[in-house]
There are 2 protein chains.
Amino acid sequence: METKPGKEKPLKYVMLAGIYNEPRSGYELTKWLQVVGQHCWSVEHSSVYPALRELEKEGLISSERLPGTRGPERSIYSVTDSGREKLTVWVANASPRPAIKDEQILRVLCFDLLPRETALRQIAEVRAHHQSQLEFFLARQAALTEKQLGPLLVTRRGVLAEQAYVAWCDEVSEIIARRPA
Amino acid sequence: METKPGKEKPLKYVMLAGIYNEPRSGYELTKWLQVVGQHCWSVEHSSVYPALRELEKEGLISSERLPGTRGPERSIYSVTDSGREKLTVWVANASPRPAIKDEQILRVLCFDLLPRETALRQIAEVRAHHQSQLEFFLARQAALTEKQLGPLLVTRRGVLAEQAYVAWCDEVSEIIARRPA
DNA sequence: AAGCACATGTAAATAGTTACATGATTCC
DNA sequence: GGAATCATGTAACTATTTACATGTGCTT
């Protein structure tokens with residue numbers, strides 16, 4: 001047995017996956033988790049740095065100190081051979097069902113509490129947000145080739161998910177609009 | 001000032017929305033959050049009961065003790081007038097962006113670590129899960145009329161979200177399949 | 001009488017955020 | 001020299017899960 005046969009924190013594997021995809025600093029990893037990772041696993045930087053230290057202590061990643069091109073020095077992490085092995089085992093496992101927290105859907109559940117105008121305005125704003133996310137993922141998709149299999153598939157997920165959200169907003173608007181006030 | 005001008009826990013509003021939608025017991029609310037709430041806000045029962053007590057203490061919901069039709073006695077909660085007012089204010093507010101935790105997308109990011117067969121098998125299982133979720137939401141949709149505006153719109157979200165997930169799984173399969181091993 | 005679904009609760013542990021803190025470098 | 005971005009970190013707090021706990025009533 002190696003220290004503990006128990007389960008490991010998903011966040012560490014999430015980060016390992018991000019670093020495997022491309023060597024990154026903690027800062028870059030945080031940014032990545034906040035933009036690309038928005039539809040899979042978004043966290044704050046305060047969770048990232050301690051996890052990086054754990055991963056390094058376990059020998060799953062290694063760091064290299066580099067002078068920042070535009071900014072101060074940072075540590076760039078790469079996945080070690082041992083990390084790659086652990087990651088491979090993890091990737092082959094089954095995932096728990098996605099966990100989603102989306103208050104907006106619950107607001108829509110209660111839309112009969114609002115005057116029609118208010119509801120329509122709210123959903124229009126939500127639509128605008130997801131439309132701009134969609135455009136972001138479309139732009140990213142256009143910049144990728146089939147060579148970059150993983151990033152391309154993840155980006156496709158972003159595109160499809162945002163398209164579905166925008167389509168739902170449109171349905172909500174339409175149904176609300178043609179309703180008796 | 002009423003006790004605290006600070007922000008309130010989202011879970012309480014989520015539950016208030018669920019009870020407003022239909023008076024429910026803690027047990028029923030938990031079930032609802034686990035099935036319908038899967039694409040908006042899923043929690044365990046251990047979070048539900050304490051929050052119910054808080055909501056009742058604040059006078060936002062009231063309980064009625066009823067003998068269970070098939071099972072022991074339970075408390076059915078309804079939204080009070082005061083609760084309805086608070087809920088209305090909340091519904092009119094803007095929502096934070098959805099927070100999603102989905103390990104599967106990150107596994108796909110690393111699919112080049114797996115033999116093609118393994119990856120295809122995994123994604124087929126994931127597809128099957130979302131397909132069955134889709135069928136659940138479609139059945140639910142068929143049972144609703146436009147009278148039940150909120151539940152219908154929430155169910156539509158389930159349908160669209162699961163369709164998008166299934167479509168993504170198909171894309172992943174296709175791209176993996178026609179790749180050099 | 002055993003097993004299952006109903007029904008509710010608490011305590012300990014974990015995960016994650018918010019707020020606090022610091023400092024470098026670049027651009028205006 | 002001030003603002004913005006880069007870059008990293010800690011501490012306190014909050015939210016949520018897991019595990020423990022208990023008991024009812026129906027079905028087989």
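Letters A, B, ... are given to chains in the order of the sequence lines, protein chains preceding strands, and every chain is numbered from 1.
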- Stepwise side chain to side chain donor-acceptor pair (under 3.5 Å) check, B:Tyr165 with B:Asp102: CA-CA 12 Å; B:Tyr165 212 114; B:Asp102 185 351; 2.6 Å; yes

- For A:Lys12 and A:Leu60, what are the C-alpha separation, side-chain angles and deciding distance, and is it a side chain to side chain contact (heavy atoms under 4.5 Å, CB included)? CA-CA 10 Å; A:Lys12 280 161 71 172; A:Leu60 306 178; 5.7 Å; no

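Atom pair B:His45:NE2 and C:dA7:P shows a separation of 14 Å (rounding to whole Å applied). For the pair A:Leu33 CG and D:dA7 P, the interatomic distance rounds to 16 Å; values are reported in whole Å. As rounded to whole Å, 14 Å separates atom P of D:dT8 from atom CZ of A:Arg24. Atom CG in A:Leu66 sits about 16 Å away from atom C1' in D:dT8, given to the nearest Å. Atom pair A:Met15:CE and C:dA15:P shows a separation of 14 Å (rounding to whole Å applied).
At a cut-off of 3.5 Å, with distance as the only test, a side-chain donor of B:Ser95 or A:Gln104 sits close to an acceptor on the other residue. Judged by distance alone, the side chains of A:Arg127 and A:Ser173 never bring a donor and an acceptor atom under 3.5 Å apart.
Ranking C:dT18, D:dT17, C:dG16 by closeness to the A:Glu44 side chain, first place goes to C:dT18. For B:Tyr27, whose side chain is taken as the heavy atoms from C-beta onward, the closest listed nucleotide among D:dA19, D:dC6, C:dA7 is C:dA7.
For residues 49-64 of chain A, proximity to DNA chain D is found at A:Tyr49, A:Arg53, defined as any non-hydrogen atom under 4.0 angstrom from a strand atom.
The phosphate of D:dT17 has OP1 or OP2 within less than 4.0 Å of a side-chain N or O from B:Ser47. Phosphate contact (OP1/OP2 of C:dA15, side-chain N/O of A:Lys9, threshold under 4.0 Å): present. Checking the phosphate oxygens (OP1, OP2) of D:dT16, a side-chain nitrogen or oxygen of A:Lys101 falls inside 4.0 Å. The shortest distance between the side-chain N/O atoms of A:Thr30 and the OP1/OP2 oxygens of D:dA7 is not below 4.0 Å.
Partners of A:His129 according to the side-chain contact (heavy atoms from CB on, under 4.5 Å) rule, which considers only residues two or more places apart in sequence or in another chain, are A:Gln38, A:Gln133, B:Arg97.
By the 4.0 Å N-to-carboxylate-O rule, A:Arg74 lies close enough to A:Glu28 to be salt-bridged with it.
Counting any heavy atom pair closer than 4.0 Å across all strands shown, B:Lys12 reaches no nucleic acid atom.
A:His39 and A:Phe137 have perpendicular rings, their planes meeting at more than 60° on a 0 to 90° scale where under 30° would count as parallel.
Residue-to-nucleotide contacts include a donor-acceptor pair under 3.5 Å from the side chain of B:Ser46 to the base of D:dT18.
Sequence order on DNA chain C of the closest nucleotides to A:Trp41 and B:Ser25 puts B:Ser25 first from the 5' end.
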